[in-house]
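Please read the structure below before turning to the comments.
Note that these values count all heavy atoms, side chains included, but never hydrogens, waters or copies made by symmetry. Positions are given from 1, in the same order as the sequence printed here.
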Amino acid sequence: MTNSPDRKVAYEPLSIPRRILVWVFIVVAFWYLIWRLGTFNPDARAFSIVIYCAEVFGFATALLHFFMVWRMTRRVAPPAPPGLTVDVLIPTYNESLELVRRTVSAAVRMDYPHRTWLLDDGNRPEMMTLAKELGAEYLARSDNSHAKAGNLNNALQHASGQFVAILDADHAPSRHMLTHTLGYFNDDKVAFVQTPQDFFNLDSFQHRKRDGRAQVWTEQSLFFRVIQRGKDYWNAAFFCGSCAVMRRSALDAIGGIATGTITEDLHTSLRIHANGYSSVYHAEPLAFGLAPETMKPFLSQRVRWGQGAMHVWRKEGILFKRGLTMAQRLNYFASVLTYFDGWQKGVFYIAPVIVLTTGTLPILVETRDFLIHFLPYYLLTFWVFEEVGRGYGRSLMIEQYNMARFAAFAWATLGLLFGSRKFKVTVKGSLGERWQRYASPQLMVLSFNVVAIPVGILLYLNHGALPFEGMVANIVWAGINATLALAVVLFARTNSARKRLTYRFQIPLPARFLGPDGKYVVGVIDDISPTGFRFYGTVGGLGPVGTTIAGKIFLPDGPLRIVGQIRSLVVGDSGDVDPSNKHYVKAIGCIFLAHGDGQRRIEDFLYGSDLQWKLNRYSDQIWTPLTNFPRSERRSNERREPVPEGHWLPASIHGDGQPGPTSIPGLLRCNPQGKSLRVISFENLGSTARIELKARSRRRKIRQSAQLQLIEVLDQISSPMYLYAVTEAQDVAPPDAADTVGGNTLEFVSQ
């Protein structure tokens, strides 16, 4: 790690092996592209030039990408100074009451003193009531001019804080958003601090998560984990419209949030930088929103971003914008140029179709000569992208999303020729949609490439229109295109078929429910949302589907009484058979019927934190061949330690001679052999602790004396949880009668 010579910002340079790889790629790319100039087909010169230009475009964007991410800042937030005045602005237009409530509730509970404003461009009475109920200011206006930008500017006329935090209506902030960002403003030149836009719904269209794996990748991982940090080195990280804190005087200096385009965020940050201010990118996720859940809102959002970028280019010039440094101009230009990638991909998707159906080749060269030049360049392209992306690039996934959005990106670039379009809010929440309509470009690519393959074979057999090697190469090319298109089509169909209206969080909590025999059934709930959950335990006696059940869920801030209804039964499979019953119910799916103020408590627990990431040790970074080479990079590239295999069990934790309650509720994770591995405590036991654990699985009672080592504090809005590793455990036998109440209820649940 070293410091930027101009701004004294700590940064991580690209490692020496990766730098060598980049230079090797550049040399090979020049060698390939110069050689390609002599391979054009004189009988199809236009076709040859188009293909070549697409290749040159790819190399040019690669060079800009290397420039942006060569160095990435590594920032540590300075302490927030006391006494600053802050306004938190939450613009809304047509989002649901439930969605807005979660964001406003989390916002008003942030640690640093502030005022929260709900800015309602929908003029809805229920939003006014919500703001009053949660302790926020409510502000509406008589017209919706300039959309979100106009809404924010209207709020600036009423708010008086020195700083403003801006949150989209779906982005619930963590408790620490203000305390972890305000310290950067000790530098008078800093105009805004941008943080990542992370999302809680890991089953969205832009997320890729495989069951049972700790890998969760999102289409925006590369941008927020790498590119923005690279831009930050050049003082070119831009405002993303949400999850940011801004200096009021800097906004006043440029006339407020920029209007006249449909991407007020990019436009505003460009004007701020041109006015001589600095920006900061703080890479810690501090707010968590709702990602587009299906293909329609995903593509609509990308079209809006692309059209807005074109409008900013038309309006501000970018490359010739006065006040920007050359590095800033290149960074902004690279962001705008991204959308022209749609045309390049479109050329590559249709090229083999033209070749196979017409017999026209864009390249005339011996096969051996072509492979000698093409294969090194092609393979290095993928490898270097993975390495400079520090494991966040995921080339194969990126290619699928390139296929998914190529038509949207190409359409968006037409905004460079035409004026501004109307701002459209990205649809939030699951909606039924005809996925075929939005996947029509991919269906066309799939159809054309599949049909072109037999046509090309027939032309070769009957007319010899193509040389054999050319036919084979283009069949492979068409097959790759068809495979990518098919992957997008299948994912769009599967994604659109989801029927749950509310995302379920994979977070465990201990719980107990009263059975019809008057005895409590103790277990663990997960798959939690404000509307329902799944309960694991000895649940066969709780009743059939439709049965009403009552009990407690144990949250970190105390137990919550709930009433629910059984809606589904989960039957054990052959790999998880109870010896006493080959066909048993191992879990029940439930909905909440009534739980008073419980919905708000559950929402405060679930939203506004990355608890599910930390608890499940999810990571969106993968290993690459140069990840830990040299060894000096190992620390900076170390990924989150995975959670060991096993299930969470309800547990009570007893201090070893320590003052306090005799029992603390928590969770114990055991491996399949019953060995204790991890403990979650709802109270701080210190960095190390000697405790006594009591837990129960379906098959055994557990009572152990254990030594714990704190791994991480799992913070969220209501109250933190503490994740410990069990470094030493010894069984205490035999378990005494205090272990159970009513035959199967642990001590803590009687509190």
Side-chain angles (χ1 to χ4, degrees), residues 90 95-110 130 134 167-177 197-204 207 209 216 243 285-291 293 428-430 498 500-511 524-536 552-562 564 589-618 643 648 665-667 680 682 712-723:
I90 305 173
E95 294 84 359
S96 70
L97 184 68
E98 292 77 13
L99 191 71
V100 176
R101 181 178 63 243
R102 297 163 192 164
T103 300
V104 176
S105 178
V108 297
R109 300 177 68 178
M110 287 191 292
L130 175 68
L134 297 179
L167 295 165
D168 279 347
D170 62 304
H171 269 102
S174 76
R175 293 170 50 196
H176 309 300
M177 181 175 178
Q197 289 188 5
D198 270 28
F199 303 93
F200 62 80
N201 55 326
L202 305 185
D203 60 352
S204 81
H207 284 88
K209 177 182 180 295
V216 180
C243 312
L286 292 172
F288 307 89
L290 182 66
E293 295 185 290
K428 307 298 193 301
S430 297
R498 290 186 300 109
R500 281 182 174 170
L501 297 178
T502 308
Y503 176 74
R504 297 286 186 94
F505 290 80
Q506 297 303 309
I507 298 175
L509 286 173
V524 171
I525 69 168
D526 69 4
D527 213 25
I528 310 171
S529 78
T531 60
F533 58 89
R534 181 174 288 186
F535 177 56
Y536 292 85
K552 286 182 180 179
I553 295 173
F554 291 84
L555 294 166
D557 61 348
L560 171 65
R561 295 183 181 275
I562 66 104
C590 300
I591 60 168
F592 292 112
L593 292 181
H595 49 302
D597 68 342
Q599 182 173 356
R600 178 171 172 180
R601 287 185 59 193
I602 290 174
E603 288 180 342
D604 288 342
F605 172 72
L606 295 175
Y607 298 94
S609 79
D610 56 353
L611 184 60
Q612 62 179 335
W613 279 81
K614 291 181 177 178
L615 186 59
N616 295 297
R617 320 311 282 170
Y618 291 147
V643 172
W648 290 107
L667 294 157
I680 295 175
F682 288 176
E712 190 168 5
V713 178
L714 308 174
D715 208 1
Q716 31 88 40
I717 289 292
S718 56
S719 184
M721 302 162 69
Y722 302 87
L723 178 64

[X] side chain to [Y] backbone, donor-acceptor under 3.5 Å:
| X | Y | value |
| --- | --- | --- |
| R109 | S718 | no |
| N616 | Q506 | yes |
| D170 | L290 | yes |

For residues [X] and [Y], determine if any side-chain heavy atom of one lies less than 4.5 Å from a side-chain heavy atom of the other.
| X | Y | value |
| --- | --- | --- |
| H171 | F288 | no |
| L667 | P510 | yes |
| W648 | D526 | no |
| R617 | L723 | yes |
| W613 | L202 | yes |
| P530 | L606 | yes |
| I553 | F592 | yes |
| I602 | L560 | yes |

- Item | Residues L509, F682; criterion side-chain contact (heavy atoms from CB on, under 4.5 Å); working and verdict | CA-CA 10 Å; L509 286 173; F682 288 176; 3.9 Å; yes

- Query: Can you name the residues that form a side-chain hydrogen bond (donor to acceptor under 3.5 Å, both in side chains) with H207, not counting sequence neighbours?
  - Reply: S204

- Message: Can you list everything that forms a side-chain hydrogen bond (donor to acceptor under 3.5 Å, both in side chains) with Y607? Sequence neighbours excluded, please.
- Response: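 Y607 satisfies side-chain hydrogen bond (donor to acceptor under 3.5 Å, both in side chains) with R102 only.
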
- Item | Rounded distance [0.5 Å steps], CG in L130 versus CD in E98 |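 Spacing of CG (L130) from CD (E98) equals 9.5 Å.
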
Contact summary for [X] and [Y], nearest pair of heavy atoms:
| X | Y | answer |
| --- | --- | --- |
| R175 | P720 | NH1-CD, 4.4 Å |
| I90 | A107 | CD1-CB, 3.8 Å |
| G289 | N201 | O-OD1, 3.8 Å |

- Answer yes if the side chains of D604 and S105 hold a donor-acceptor pair under 3.5 Å, and no otherwise. yes

- Task: In sequence, state the C-alpha distance, the side-chain angles, and the governing distance for L134 and R600, and then conclude on side-chain contact (heavy atoms from CB on, under 4.5 Å).
- Result: CA-CA 11 Å; L134 297 179; R600 178 171 172 180; 3.7 Å; yes

- Evaluate the criterion side-chain contact (heavy atoms from CB on, under 4.5 Å) for residue pair M721 and L611; output intermediate values, then yes/no. CA-CA 9 Å; M721 302 162 69; L611 184 60; 4.0 Å; yes

